Amino acid sequence: MNKAKFITFEGVDGAGKSTHLNWFAETLRQRGLDVLVTREPGGTPLGERLRDILLNQPMHAETEALLMFAARLEHIEQVIKPALKRGTWVVSDRFSDASFAYQGGGRGVPLDKLEQLEHWVHADLQPDLTLLFDIPVEVARQRLSNNVTLDRFEQEKGAFFEKVRQAYLDRCKKNPQRFALINAAQSPEKVKADLERIVSSI
Ligand code: TYD
(Lines give C-alpha, C1' and ligand atoms only; values in the text may rest on other atoms or scores of the structure.)
Protein backbone atom coordinates (compact mmCIF):
# COMPACT_ATOMS: atom_id res chain seq x y z
CA MET A 1 0.00 0.00 0.00
CA ASN A 2 1.15 3.53 -0.79
CA LYS A 3 2.32 5.60 2.16
CA ALA A 4 -0.26 8.21 3.25
CA LYS A 5 0.52 11.61 1.74
CA PHE A 6 0.41 15.15 3.08
CA ILE A 7 -0.99 17.58 0.49
CA THR A 8 -1.38 21.34 0.92
CA PHE A 9 -3.38 23.98 -0.96
CA GLU A 10 -1.99 27.52 -1.23
CA GLY A 11 -2.69 30.81 -2.97
CA VAL A 12 -3.71 34.42 -2.38
CA ASP A 13 -7.16 35.12 -0.90
CA GLY A 14 -9.75 34.90 -3.68
CA ALA A 15 -7.86 32.29 -5.76
CA GLY A 16 -10.67 29.76 -5.18
CA LYS A 17 -8.56 27.05 -3.57
CA SER A 18 -11.10 26.16 -0.83
CA THR A 19 -13.79 25.19 -3.36
CA HIS A 20 -11.39 22.96 -5.26
CA LEU A 21 -9.92 21.46 -2.09
CA ASN A 22 -13.17 19.74 -1.14
CA TRP A 23 -13.63 18.31 -4.60
CA PHE A 24 -10.00 17.11 -4.62
CA ALA A 25 -10.41 15.36 -1.24
CA GLU A 26 -13.63 13.71 -2.42
CA THR A 27 -11.85 12.41 -5.53
CA LEU A 28 -9.16 10.83 -3.35
CA ARG A 29 -11.87 9.23 -1.17
CA GLN A 30 -13.48 7.75 -4.27
CA ARG A 31 -10.19 6.00 -4.87
CA GLY A 32 -10.73 4.27 -1.52
CA LEU A 33 -8.33 6.42 0.48
CA ASP A 34 -8.95 7.61 4.00
CA VAL A 35 -8.67 11.43 3.79
CA LEU A 36 -8.63 14.09 6.48
CA VAL A 37 -9.35 17.70 5.45
CA THR A 38 -7.96 20.37 7.73
CA ARG A 39 -6.85 24.01 7.65
CA GLU A 40 -4.39 26.60 8.92
CA PRO A 41 -4.36 28.63 10.97
CA GLY A 42 -6.57 26.18 12.85
CA GLY A 43 -7.14 22.45 12.76
CA THR A 44 -7.07 21.98 16.56
CA PRO A 45 -9.11 23.60 19.38
CA LEU A 46 -6.11 25.80 20.30
CA GLY A 47 -5.35 26.50 16.64
CA GLU A 48 -8.93 27.66 15.99
CA ARG A 49 -8.72 30.06 18.96
CA LEU A 50 -5.44 31.41 17.60
CA ARG A 51 -7.05 31.71 14.15
CA ASP A 52 -9.77 33.92 15.59
CA ILE A 53 -7.10 36.19 17.13
CA LEU A 54 -4.88 36.18 14.02
CA LEU A 55 -7.72 37.08 11.66
CA ASN A 56 -9.12 39.87 13.83
CA GLN A 57 -6.56 41.37 16.21
CA PRO A 58 -3.91 43.81 14.92
CA MET A 59 -0.38 42.82 16.06
CA HIS A 60 3.33 43.12 15.24
CA ALA A 61 4.30 41.22 12.06
CA GLU A 62 6.70 38.95 13.98
CA THR A 63 4.06 38.20 16.64
CA GLU A 64 1.86 37.14 13.74
CA ALA A 65 4.58 34.83 12.42
CA LEU A 66 5.18 33.30 15.86
CA LEU A 67 1.49 32.66 16.45
CA MET A 68 1.10 31.09 12.99
CA PHE A 69 3.93 28.68 13.79
CA ALA A 70 2.64 28.03 17.34
CA ALA A 71 -0.74 27.03 15.90
CA ARG A 72 1.11 24.94 13.32
CA LEU A 73 3.15 23.01 15.88
CA GLU A 74 -0.04 22.03 17.69
CA HIS A 75 -1.64 21.06 14.36
CA ILE A 76 1.32 18.89 13.35
CA GLU A 77 1.62 17.08 16.68
CA GLN A 78 -2.09 16.63 17.42
CA VAL A 79 -3.49 16.06 13.94
CA ILE A 80 -1.15 15.76 10.96
CA LYS A 81 1.48 13.31 12.22
CA PRO A 82 -1.00 10.97 13.99
CA ALA A 83 -3.16 10.84 10.83
CA LEU A 84 -0.24 10.08 8.51
CA LYS A 85 0.98 7.44 10.96
CA ARG A 86 -2.33 5.57 10.86
CA GLY A 87 -2.41 5.72 7.04
CA THR A 88 -4.83 8.63 6.62
CA TRP A 89 -4.04 11.14 3.88
CA VAL A 90 -4.02 14.77 5.03
CA VAL A 91 -5.20 17.63 2.81
CA SER A 92 -4.59 21.02 4.43
CA ASP A 93 -5.96 24.39 3.36
CA ARG A 94 -2.62 26.25 3.81
CA PHE A 95 0.60 25.38 5.68
CA SER A 96 4.05 26.98 6.08
CA ASP A 97 4.27 28.33 2.52
CA ALA A 98 1.49 30.73 3.61
CA SER A 99 3.76 32.08 6.37
CA PHE A 100 6.56 32.66 3.85
CA ALA A 101 4.08 34.36 1.50
CA TYR A 102 2.00 36.46 3.93
CA GLN A 103 4.32 37.15 6.88
CA GLY A 104 7.49 37.03 4.73
CA GLY A 105 6.43 38.56 1.41
CA GLY A 106 3.41 40.55 2.59
CA ARG A 107 4.59 41.85 5.96
CA GLY A 108 8.36 41.77 5.40
CA VAL A 109 9.38 39.38 8.20
CA PRO A 110 12.97 38.36 7.30
CA LEU A 111 13.25 35.05 5.48
CA ASP A 112 15.94 33.69 7.82
CA LYS A 113 13.66 34.13 10.84
CA LEU A 114 10.89 32.21 9.09
CA GLU A 115 13.37 29.51 8.07
CA GLN A 116 14.41 29.16 11.72
CA LEU A 117 10.78 28.74 12.76
CA GLU A 118 10.18 26.23 9.98
CA HIS A 119 13.21 24.25 11.13
CA TRP A 120 12.12 24.42 14.77
CA VAL A 121 8.51 23.41 14.14
CA HIS A 122 8.80 20.84 11.36
CA ALA A 123 12.36 19.97 10.40
CA ASP A 124 11.18 16.40 9.79
CA LEU A 125 8.00 17.12 7.84
CA GLN A 126 7.22 18.77 4.49
CA PRO A 127 4.16 18.36 2.30
CA ASP A 128 4.53 15.64 -0.34
CA LEU A 129 2.68 17.90 -2.75
CA THR A 130 1.64 21.57 -2.69
CA LEU A 131 -0.95 22.91 -5.13
CA LEU A 132 -0.37 26.62 -5.67
CA PHE A 133 -3.43 28.43 -7.05
CA ASP A 134 -1.90 31.34 -8.89
CA ILE A 135 -4.01 34.24 -10.11
CA PRO A 136 -3.47 37.90 -11.04
CA VAL A 137 -4.15 39.99 -7.94
CA GLU A 138 -6.84 42.15 -9.62
CA VAL A 139 -8.85 39.03 -10.51
CA ALA A 140 -8.60 37.67 -6.95
CA ARG A 141 -9.61 41.07 -5.51
CA GLN A 142 -12.62 41.15 -7.81
CA ARG A 143 -13.77 37.76 -6.49
CA LEU A 144 -13.28 38.86 -2.86
CA SER A 145 -15.42 41.94 -3.40
CA ASN A 146 -18.50 39.64 -3.31
CA ASN A 147 -17.75 38.71 0.33
CA VAL A 148 -19.86 40.50 2.93
CA THR A 149 -17.20 40.52 5.64
CA LEU A 150 -13.46 40.61 5.11
CA ASP A 151 -10.88 39.52 7.71
CA ARG A 152 -7.69 41.40 8.62
CA PHE A 153 -5.74 39.85 5.72
CA GLU A 154 -8.48 40.19 3.13
CA GLN A 155 -8.73 43.91 3.96
CA GLU A 156 -5.12 44.47 2.85
CA LYS A 157 -4.41 46.51 -0.29
CA GLY A 158 -3.49 45.19 -3.74
CA ALA A 159 0.23 45.92 -3.22
CA PHE A 160 0.27 43.56 -0.21
CA PHE A 161 -1.21 40.75 -2.31
CA GLU A 162 1.27 41.39 -5.15
CA LYS A 163 4.07 40.71 -2.63
CA VAL A 164 2.26 37.64 -1.28
CA ARG A 165 1.80 36.27 -4.81
CA GLN A 166 5.45 36.86 -5.67
CA ALA A 167 6.66 35.18 -2.46
CA TYR A 168 4.51 32.12 -3.29
CA LEU A 169 6.01 31.97 -6.79
CA ASP A 170 9.51 32.22 -5.29
CA ARG A 171 8.77 29.26 -2.96
CA CYS A 172 7.47 27.35 -5.96
CA LYS A 173 10.66 28.08 -7.95
CA LYS A 174 12.82 26.95 -5.04
CA ASN A 175 10.92 23.65 -4.60
CA PRO A 176 9.82 22.61 -8.10
CA GLN A 177 9.59 18.93 -7.19
CA ARG A 178 7.04 19.62 -4.41
CA PHE A 179 4.87 22.27 -6.10
CA ALA A 180 2.20 22.01 -8.80
CA LEU A 181 1.37 25.46 -10.18
CA ILE A 182 -2.29 25.89 -11.12
CA ASN A 183 -3.64 28.72 -13.24
CA ALA A 184 -6.57 29.74 -11.01
CA ALA A 185 -7.74 32.45 -13.41
CA GLN A 186 -9.11 29.72 -15.73
CA SER A 187 -12.74 28.56 -15.56
CA PRO A 188 -13.54 26.20 -12.65
CA GLU A 189 -13.96 23.37 -15.20
CA LYS A 190 -10.43 23.87 -16.52
CA VAL A 191 -9.01 24.01 -13.00
CA LYS A 192 -10.87 20.77 -12.21
CA ALA A 193 -9.37 19.13 -15.32
CA ASP A 194 -5.88 20.14 -14.13
CA LEU A 195 -6.63 18.71 -10.69
CA GLU A 196 -7.89 15.48 -12.26
CA ARG A 197 -4.57 15.09 -14.06
CA ILE A 198 -2.73 15.70 -10.78
CA VAL A 199 -4.86 13.18 -8.86
CA SER A 200 -4.23 10.51 -11.48
CA SER A 201 -0.49 11.05 -11.25
CA ILE A 202 -0.30 10.76 -7.45
P1 TYD B 1 -7.88 31.33 4.42
O2 TYD B 1 -7.46 30.00 3.92
O3 TYD B 1 -7.91 32.41 3.42
O4 TYD B 1 -9.29 31.22 5.11
P5 TYD B 1 -10.71 31.62 4.46
O6 TYD B 1 -10.72 31.01 3.08
O7 TYD B 1 -11.69 31.02 5.40
O8 TYD B 1 -10.72 33.13 4.45
O9 TYD B 1 -6.82 31.69 5.60
C10 TYD B 1 -6.96 32.78 6.45
C11 TYD B 1 -5.87 33.80 6.31
O12 TYD B 1 -4.70 33.48 7.05
C13 TYD B 1 -5.42 34.08 4.89
O14 TYD B 1 -5.70 35.43 4.59
C15 TYD B 1 -3.92 33.88 4.91
C16 TYD B 1 -3.55 33.93 6.37
N17 TYD B 1 -2.38 33.12 6.74
C18 TYD B 1 -1.16 33.73 6.98
O19 TYD B 1 -1.05 34.96 6.87
N20 TYD B 1 -0.09 32.97 7.35
C21 TYD B 1 -0.16 31.62 7.51
O22 TYD B 1 0.83 30.96 7.86
C23 TYD B 1 -1.43 31.00 7.26
C24 TYD B 1 -1.57 29.51 7.43
C25 TYD B 1 -2.52 31.77 6.87
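Values reported hereafter were calculated over all heavy atoms of this structure, with side chains retained and with hydrogens, waters and symmetry mates removed. The residues of the chain are indexed from 1 along the displayed sequence. This structure is a prediction, so every number in the text was calculated from the model and none was measured. Numbering of ligands and ligand atoms starts at 1, following listing order.
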| request: Verify side-chain hydrogen bond (donor to acceptor under 3.5 Å, both in side chains) between Gln186 and Asp194, making sure each step is shown before the conclusion. | output: CA-CA 10 Å; Gln186 305 177 103; Asp194 285 352; 3.0 Å; yes
| task | List the steps and the verdict of salt bridge (charged side-chain N to carboxylate O under 4.0 Å, His left out) for Arg141 and Glu138. | result | CA-CA 5 Å; Arg141 307 290 295 155; Glu138 332 61 274; over 6 Å; no
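Ring centers of Phe133 and His20: under 6.0 Å apart, within the cut-off.
With respect to the salt-bridge test (charged N to carboxylate O, under 4.0 angstrom), the residues Asp170 and Lys163 do not qualify. Here Glu196 does not pair with Lys190 in a salt bridge; the nearest charged N to carboxylate O distance is not below 4.0 Å.
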What are the polar N/O contacts of ligand 1 with the protein below 3.5 Å, with distances?
unit_1: ligand 1; atom_1: 2 (O); unit_2: Lys17; atom_2: NZ; d: 3.0
unit_1: ligand 1; atom_1: 2 (O); unit_2: Arg94; atom_2: NE; d: 2.9
unit_1: ligand 1; atom_1: 3 (O); unit_2: Asp13; atom_2: OD2; d: 3.1
unit_1: ligand 1; atom_1: 3 (O); unit_2: Arg94; atom_2: NH2; d: 3.2
unit_1: ligand 1; atom_1: 4 (O); unit_2: Arg51; atom_2: NH2; d: 3.0
unit_1: ligand 1; atom_1: 7 (O); unit_2: Arg51; atom_2: NH2; d: 3.1
unit_1: ligand 1; atom_1: 8 (O); unit_2: Glu154; atom_2: OE2; d: 3.3
unit_1: ligand 1; atom_1: 9 (O); unit_2: Arg94; atom_2: NE; d: 3.2
unit_1: ligand 1; atom_1: 14 (O); unit_2: Asp13; atom_2: OD1; d: 3.0
unit_1: ligand 1; atom_1: 14 (O); unit_2: Asp13; atom_2: OD2; d: 2.9
unit_1: ligand 1; atom_1: 19 (O); unit_2: Gln103; atom_2: NE2; d: 2.9
unit_1: ligand 1; atom_1: 20 (N); unit_2: Gln103; atom_2: OE1; d: 2.8
unit_1: ligand 1; atom_1: 22 (O); unit_2: Arg72; atom_2: NH2; d: 3.0
unit_1: ligand 1; atom_1: 22 (O); unit_2: Ser99; atom_2: N; d: 3.2
unit_1: ligand 1; atom_1: 22 (O); unit_2: Ser99; atom_2: OG; d: 2.6

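Ring-plane geometry between His122 and Phe95 is classed as tilted, the angle between the planes lying from 30 to 60 degrees on a 0 to 90 degree scale.
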